[in-house]
Amino acid sequence: MALDMSIFPPLPLAKLEVGQHLYWQIGNLKIHGQVFLTSWFVIAVLILVSILATRNIQRIPTGMQNFMEYALEFIRDLAKNQIGEKEYRPWVPFVGTLFLFIFVSNWSGALIPWKLIHLSSGELAAPTNDINTTVALALLTSLAYFYAGFSKRGLGYFAKYIEPTPILLPINILEDFTKPLSLSFRLFGNILADELVVAVLVLLVPLFVPLPVMILGLFTSAIQALIFATLAAAYIGESIEGHGAEEHE
Amino acid sequence: MNLVWLLAVEAVEEGGGGLFDLDATLPLMAVQFVILAVVLNALFYKPLGQAIDERDGYISSNKVDAAERLAKAEKIARQYQQELAESRRQAQAVIAEAQEAAQKIAAQSMAEAQQEAQAQREQTQRELDEQKQQAMASLEQQVDGLSRQIVDKLLSSVGA
């Protein structure tokens, strides 16, 4: 299934594979090995950076601590804006990890030449260009906002389905399905499309022509991470506040 | 691109692959992500968040402290200004008093001196008048004597 484009001389980078996976078998279950390999890399990077940042915490931050404090302040602001001053603190780890994981995944896919490492099947890429990853993150987001709503308002959370009028009940129920769907497909589609565009351009006109698209890809990758985290925080904030008393910011 | 998509779809049909191949990767990834969130919470969010909050507390307490000290300094400066004004006023008063006293003394001594001068002048005038009278008296006597002699001489010359 590898699209080898035999018309062109076989460059090591100019190979396009879509829908190919490196399957690992665990019991009866099949998993995508290439996704896990890159996601472990991403996780390792995040943990390593966190350890470096917090190894020696100073009152006046320098170097890595400063950088990660900047990141943390950014995440806190994001969560505070969407969830609200009172409730945002317990959600910072979830929203922040969403942002950091997606961001580092996307940029690792855009910046690290994974394709130089050959696998028996499939190819290494950003974990977020696999639908499983994005659906997992989106479903976790759904769980998170359900949990937020229930823990805050109990069974009264269900009242949001008939607000502002019971006529909207079907739409409100539908929303619970469209939210994870749109979240996961937005991220998946953007990242996959970006990688495909870059790969096709590299295949057709190698070297300098794909560079602007790659830079654009870096930009969209960062934006997608921000969008995912912001929407997750917004959903959580919405279910904490309730539809009726909607006062964002 | 069409070719690529066709191939992708084909891959799904042929055997287990494809773009939208959902399998056990999904739950495992979710679990992995939750574990990552927990680990990062312990490694990153908590310690750094604590550091940020502590710094915020430190800064705000320092700020309050500094504001207090500034207020204190301003109060002291105001007090100093007041004291300065007070002592300036006192100095002015002392100077005015001294000037008044000096003026009084000067006036007094001037008046005394004038009185003395007046008295001396009067005395001198009196003495002068006395001497003038005396001189007038002796002059009269001499005039009398001379006139008598002239009369005598005239008489004797007539008689002879």
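Only heavy atoms go into these numbers, but all of them, side chains included; no hydrogens, no water, no symmetry mates.
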So, Thr25(B) side chain and His32(A) main chain: donor-acceptor pair closer than 3.5 Å or not?
->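 At least one qualifying donor-acceptor pair exists.
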### Task
Could you tell me which portion of Leu40(B) (side chain, backbone, both or neither) has an atom closer than 4.5 angstrom to a non-hydrogen atom of chain A?
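Answer is side chain: those atoms of Leu40(B) sit under 4.5 Å from chain A.
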Looking only at heavy atoms, which two atoms of Leu140(A) and Ala30(B) are closest? And how far apart?
->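 Smallest interatomic distance, heavy atoms only, reads CD1-O, 3.7 Å.
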Checklist line | Nearest non-hydrogen partners of Ile52(B) and Glu73(A), listed with the distance | finding: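 Taking Ile52(B) first and Glu73(A) second, the nearest heavy atoms are CG2-OE2, 3.7 Å.
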Could you list the donor-acceptor pairs under 3.5 angstrom formed by side chains in residues 41-66 of chain A, with sequence neighbours left out?
| from | atom 1 | to | atom 2 | distance (Å) |
| --- | --- | --- | --- | --- |
| Ser50(A) | OG | Leu46(A) | O | 2.8 |
| Thr54(A) | OG1 | Ser50(A) | O | 2.8 |
| Thr54(A) | OG1 | Leu43(B) | O | 3.2 |
| Asn56(A) | OD1 | Gln58(A) | NE2 | 3.0 |
| Gln65(A) | OE1 | Gln58(A) | N | 3.0 |
| Gln65(A) | NE2 | Gln58(A) | O | 3.2 |
| Gln65(A) | NE2 | Glu69(A) | OE2 | 2.9 |

Highest number of heavy-atom pairs under 4.5 Å with chain A: which of Asn41(B), Val38(B), Leu48(B), Val39(B)?
->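 Max contact count across the listed options: Leu48(B).
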- prompt: Relative to chain B, which of Trp40(A), Phe188(A), Phe36(A), Phe101(A) shows the most heavy atom pairs under 4.5 Å?
  reply: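 Of the candidates given, the most pairs with chain B belong to Phe36(A).
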query = How about Tyr45(B) and Phe94(A): do any of their side-chain heavy atoms sit closer than 4.5 Å?
reply =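 They are not in side-chain contact.
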Handout entry: Heavy-atom side-chain contact between Phe44(B) and Thr97(A) under 4.5 Å
Key =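 Side-chain contact under 4.5 Å: no.
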Exercise. Could you give the distance from CG (Leu28(B)) to CG (Leu29(A)), rounded to the nearest 0.5 Å?
Worked result: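 Result: 7.5 Å between the selected atoms.
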- [ ] Find the distance between OG1 (Thr133(A)) and CE (Met29(B)) and round it off to the nearest 0.5 Å.
- [x]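 Reported value, rounded in 0.5 Å steps: 3.5 Å.
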Apply side chain to side chain contact (heavy atoms under 4.5 Å, CB included) to residues Leu139(A) and Leu26(B) and explain how you reach the verdict. CA-CA 10 Å; Leu139(A) 286 181; Leu26(B) 197 162; 4.1 Å; yes
side-chain hydrogen bond (donor to acceptor under 3.5 Å, both in side chains) involving Arg69(B) - partner list, sequence neighbours excluded:
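Checked Arg69(B) against side-chain hydrogen bond (donor to acceptor under 3.5 Å, both in side chains); matches are Asp65(B).
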Counting only heavy atoms not in Phe150(A), do more than 12 sit closer than 6.0 Å to its CZ atom?
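Yes, because the 6.0 Å sphere around CZ of Phe150(A) holds more than 12 heavy atoms from other groups.
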Exercise. Is it true that atom CD of Gln25(A) has more than 12 heavy atoms of other residues, nucleotides or ligands lying nearer than 6.0 Å?
Worked result: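 Enclosed: over 12 neighbouring heavy atoms sit under 6.0 Å from CD of Gln25(A).
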**OP:** Pick one of side chain, backbone, both or neither for Leu143(A), based on which atoms fall under 4.5 Å of a heavy atom in chain B.
**Re:**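 Contact with chain B is absent: no heavy atom of Leu143(A) under 4.5 Å.
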